[in-house]
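Working notes, structure below.
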Amino acid sequence: QVQLVESGGGSVQAGGSLRLSCILPGDSDGYCMGWSRQAPGKQREGVASLDTDGSTVYADAVKGRFTISKDNVKNTLYLQMNSLKPEDSATYYCGIGNGPYCSGGYFVEMVRFRTWGQGTQVTVSS
């Protein structure tokens, strides 16, 4: 069973920043990865993805503010979140894809993920 462990969530004021981290399993090479989020009463949505060729895709709502990256030495996936807004408040999950591509080039495709972590809470106050 693949286990993903997210951290870095918390409470910040609007305009602030957070960096989420996700420790990846040792056999994550060759698979795409990404982040999703779910706010109370809303469907889970894909936020950002990183394909094995280095391509990244972001949801329109976070473009220009969020950055997904991976540290291959630490085997850790990151989501840098800047200029946070109250509508970014949600539980954020990191995930591993079932192949090299987690997007079709335009948006994060949730069906391409095979497992998700337990999530970390982000709360942005106005």
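Rounded to the nearest 0.5 angstrom, Ser36 OG and Gln43 CD are separated by 12.0 Å. From Ile23, atom CD1 reaches atom NZ of Lys74 across 10.5 Å, with rounding to the nearest 0.5 Å. For the atom pair SG (Cys94) and CG (Leu24), the distance works out to 6.5 Å, reported to the nearest 0.5 Å. Rounding to the nearest 0.5 angstrom, the gap separating the CG atom in Leu20 from the OG atom in Ser7 is 8.0 Å. Taking CZ of Phe113 as the start and CD1 of Ile96 as the end, the distance is 8.5 Å to the nearest 0.5 Å. One finds the CE atom of Met33 at 4.0 Å from the NZ atom of Lys70 (value rounded to the nearest 0.5 Å).
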request  = Kindly determine whether Glu6 and Trp35 satisfy side-chain contact (heavy atoms from CB on, under 4.5 Å), including the steps that lead there.
outcome  = CA-CA 10 Å; Glu6 304 98 334; Trp35 293 90; 4.0 Å; yes
Verdict with supporting geometry, Asn75 and Ser28, side-chain contact (heavy atoms from CB on, under 4.5 Å) = CA-CA 9 Å; Asn75 214 29; Ser28 61; 3.7 Å; yes
query = Run the side-chain contact (heavy atoms from CB on, under 4.5 Å) check on Leu77 and Ile68 step by step: do they pass?
reply = CA-CA 7 Å; Leu77 184 70; Ile68 186 172; 3.9 Å; yes
ask   = Is there a side-chain contact (heavy atoms from CB on, under 4.5 Å) between Phe66 and Leu84 once you walk through the steps?
value = CA-CA 9 Å; Phe66 290 13; Leu84 283 162; 3.9 Å; yes
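When every heavy atom of Val47 is checked against every heavy atom of Val62, the shortest pair comes out as O-CG2, 3.7 Å. Scanning both residues, Cys102 and Ser49, for their nearest heavy atoms gives CB-CB, 3.8 Å. Residues Arg65 and Ser83 share a closest heavy-atom pair of NH1-O, 2.9 Å. Nearest heavy atoms, Ala59 versus Gly46: CB-O, 3.5 Å.
In this structure, Lys85 does not pair ionically with Asp88, as no charged nitrogen and carboxylate oxygen lie closer than 4.0 Å. Between Asp51 and Arg112 there is no salt bridge, since no side-chain N of the basic residue sits under 4.0 Å from a carboxylate O of the acidic one.
Taking the side chain as every heavy atom from C-beta outward, Val12 and Met81 never approach each other to under 4.5 Å. Between Arg37 and Val122 there is no side-chain heavy-atom pair separated by less than 4.5 Å. A 4.5 Å side-chain heavy-atom check between Tyr101 and Asp53 finds at least one atom pair inside the cut-off.
Checking side-chain atoms of Trp116 against main-chain N and O of Leu4 turns up no donor-acceptor pair under 3.5 Å. With hydrogens and angles disregarded, a donor-acceptor distance shorter than 3.5 Å links the side chain of Ser89 to the backbone of Val124.
No more than 12 heavy atoms of other residues, nucleotides or ligands lie within 6.0 Å of OH in Tyr31, so this atom counts as exposed by the packing criterion. Other residues, nucleotides and ligands place more than 12 heavy atoms under 6.0 Å from the CD atom of Gln38.
Side-chain atoms of Ser103 and Glu109 include no donor-acceptor pair closer than 3.5 Å.
Residues Tyr92 and Tyr58 share a single hydrophobic cluster, defined by chaining ILVMFWY side chains whose heavy atoms lie under 4.5 Å apart.
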